[in-house]
Number of protein chains: 2
Amino acid sequence: MRPWNVVDMKKLINDPFDFVEESLEGFLLAHEDLVKRVGRRAIARIDAPIEGKVGVVIGGGSGHLPAFMGYVGRGGAAAAPIGNIFASPPAKPILEATLAANGGAGVVYSYGNYAGDVMNFDRAAARAKTEHGIDVETVLVTDDVASAPKDQVDRRRGIAGDFFVFKVLAAKAETMADLASVVATTRRANDYTRTVGVGLSACTVPAHGKPTFHLADDELEVGLGVHGEPGIRRSHIEPVDALVDEILGIILADKDYGGSDVAVLVNGLGATPYEELYIMYRRARQVLEGHGVGIRRSYVGEYITSLEMAGASITLMQLDEELHDLLAAPAKCPMFVQMGAARG
Amino acid sequence: MRPWNVVDMKKLINDPFDFVEESLEGFLLAHEDLVKRVGRRAIARIDAPIEGKVGVVIGGGSGHLPAFMGYVGRGGAAAAPIGNIFASPPAKPILEATLAANGGAGVVYSYGNYAGDVMNFDRAAARAKTEHGIDVETVLVTDDVASAPKDQVDRRRGIAGDFFVFKVLAAKAETMADLASVVATTRRANDYTRTVGVGLSACTVPAHGKPTFHLADDELEVGLGVHGEPGIRRSHIEPVDALVDEILGIILADKDYGGSDVAVLVNGLGATPYEELYIMYRRARQVLEGHGVGIRRSYVGEYITSLEMAGASITLMQLDEELHDLLAAPAKCPMFVQMGAARG
């Protein structure tokens, strides 16, 4: 073991350079009934691959649990490569995940739109095709409204909306739909999804030992990205109802959900208490009902985190009948369990 | 609304004095399919009371979500009174919860052993009997090894072990067992359960506006209570494997689980990333396997929090076949969903 040099970080860790490996080992031990390791930095659901089924691969950097590996399982993804903290997995574990997910019906990659991820996933997709004859399609998640203007949607990053898009994708694949249908439905889920977040504090990547950015003791930042990417504005702390009004104002100005059915996700970034997320949900519900939005499904909790960042985001996904039923379909994953409506 | 006076707290809240009411309102709106309000500060599962079934009432102060109201539902508690942050609910909401839970077969109260809770729950139990003829039995949770020595077990506080005891209690009641049987099984669950925690930082109760206690930037405290009650020792931050060894050493010295089957819970207090909890679980598994302990069920996540405290605890519950099956039984609660083994 390397020398212990992080006595100034308030973390329950050993050597910072062992963080990803040790958390992965613990995760696999805790969930050995649901997932298995298929590479040094890749896991798959225990029964993958499933013959004739589209393989679902999600992934990205570590530090975001339950994303990504917490969503591998029944009704979840078939496999996930695992990157270092806030860093894309290299092409090799992505390819390992692809092979583990491949049931002969093609594979869909879905992940947040970050340059490093796009480069590595594309490289793995090319190798999957040329070396293994596997057809790979990609659906980037681009829900973060604050990350690029409306006329540059393709530049937007993926944040908490990942959860909705992944859930729809995985449930669609469970229906044994073909590759083109799975991709079409997943793209629609992403097109229908918008998120805006607010950050209250930074987090510290163990191997760096310092906060990723700085927010003053009395500051917040609207639109902050999940790795500390700059947002829209900074200000003093404000009452959360005003922040929810602002967040939903930005979302509704980008896509008017009025008259539509939606799913709502209030997502905590790590250090924000669940009680505060429910306070946000309360106001979101008031605002959305006032705007004529029909709330059919609600999720409040930690779905995509950023280590110990304080802050939260609100995500809306427009629902048609298919998206509703796919989102509501049962799942049994290490960090997400949902009973089906029939048991509801 | 009272004047906005908390611009120096990094919280997503409105008026601090509205914190409990607003989070409760949001919670009820988000989970209206599962729970209902049965008093100003009391909730019940949507189908309570159930005729002929022992009513399960859990509760305590706010600030600990998912405990307590997150565990009301199918396979969970029948009802829960809700206190202010880190404060016992008064007798009135406890009585309201009792009436909502009462199916004519008696009611069991279970909660962490704190003086304020004991006083108010006992008062409500007396009123339930004299005013409504309801038989109430109480099982205090006393899992916190660090809170009192072995010869004073009755003085020990209840912390994360609450989750195991509540789950067993609720599942036993679901079997339609009679009051005496439900109480006996729940007491055994508590007798078999031990927890030790480690705290890295304090939290701030909104209405106070200041941290509940102080830990220096490089300090941790072993045995810290979930409201900041003093622990066993303070020291500089250490590698987490050493802390896990110490925690399990304390637990195993108090009750030797060697040769037994157990359930393990690694519980985060609020701000500690899930990745760190899995690193702790990894080491716990190594230590317990080396000690001849058989791990049959594992839970890693946030089950009983303390607002935004950083830190974690490890809980062991010895399992016999009945406790195993009750712990493994399905549940559909707002903040805890578990599929049954048959679907496993």
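Small disclaimer: the values here were computed from a predicted structure and weren't measured. Residue numbers start from 1 in every chain, and the chains themselves are labelled A, B, ... in the order their sequence lines are given, proteins ahead of strands.
Here the side chains of Cys333(B) and Val72(B) are not in contact, with every heavy-atom distance at 4.5 Å or above. You'll find the side chain of Glu275(B) stays beyond 4.5 Å of the side chain of Glu22(A), heavy atoms only. Contact of the Tyr299(B) side chain with the Gln338(B) side chain is registered, since non-hydrogen atoms from C-beta on lie closer than 4.5 Å. Side-chain contact between Asn14(A) and Val240(B): present, with at least one pair of heavy atoms (C-beta onward) separated by less than 4.5 Å. Residues Ile82(A) and Phe68(A) have side chains not in contact (no heavy-atom distance under 4.5 Å, counting atoms from C-beta outward). Between Thr305(B) and Pro273(A) the shortest side-chain heavy-atom distance does not fall below 4.5 Å.
In this structure, the portion of Val300(A) lying under 4.5 Å from any heavy atom of chain B is its side chain and not its backbone. If you measure heavy-atom distances from Val264(A) to chain B, you find no contacts under 4.5 Å at all. Heavy atoms closer than 4.5 Å to chain B are found in the side chain of Glu32(A), but not in its backbone. Residue contact with chain B, scored on non-hydrogen atoms closer than 4.5 Å, involves the backbone and the side chain of Ala30(A) alike. At a 4.5 Å heavy-atom cutoff, the contact between His31(A) and chain B is made by side-chain atoms alone. Residue contact with chain B, scored on non-hydrogen atoms closer than 4.5 Å, involves the backbone and the side chain of Phe19(A) alike. Residue Leu243(B) touches chain A through its side chain alone, counting heavy-atom pairs closer than 4.5 Å. Val198(B) touches chain A through its side chain: at least one heavy atom from C-beta onward sits under 4.5 Å away, while N, CA, C and O do not. Proximity to chain B involves both the backbone and the side chain of Leu200(A), based on heavy atoms less than 4.5 angstrom apart. For Ala312(A), the parts lying under 4.5 angstrom from a heavy atom of chain B are both the backbone and the side chain. Heavy-atom distances place both the backbone and the side chain of Leu215(A) under 4.5 Å from chain B. There is no contact between Met309(A) and chain B, counting heavy-atom distances below 4.5 Å.
Of all the listed residues (Leu307(A), Ile279(A), Thr272(A)), the one sharing the greatest number of non-hydrogen pairs under 4.5 Å with chain B is Ile279(A). Interface remark: of the candidates Val20(B), Leu24(B), Asp241(B), Leu65(B), Leu65(B) forms the most heavy-atom pairs closer than 4.5 Å to chain A. Of the residues considered (Pro334(A), Ala242(A), Pro66(A), Gly63(A)), Gly63(A) shows the highest number of contacts with chain B, using heavy-atom pairs under 4.5 Å. The most heavy-atom pairs under 4.5 Å with chain B, out of Met335(A), Met280(A), Gln286(A), come from Met335(A). For the options Ser298(B), Gly26(B), Gly311(B), Cys203(B), heavy-atom pairs under 4.5 Å to chain A are most numerous at Gly26(B). Listed options His64(A), Glu308(A), Glu302(A) were ranked by heavy-atom pairs under 4.5 angstrom with chain B; first place goes to Glu302(A).
For the residue pair Tyr281(A) and Arg285(A), a side-chain donor N or O sits within less than 3.5 Å of a side-chain acceptor on the partner.
Taking the six-membered ring where tryptophan is involved, the planes of Phe86(A) and His227(A) are perpendicular, since the angle between them exceeds 60° and thus also 30°.
Using modelled atom types, one side-chain atom of Lys11(A) and one backbone atom of Thr204(A) make a donor-acceptor pair closer than 3.5 Å.
In this structure, the separation between CZ on Arg283(B) and CG on Leu288(B) is 10.5 Å, given to the nearest 0.5 Å.
Taking the centre of each ring, Phe27(B) and Tyr274(A) stay at or above the 6.0 Å mark.
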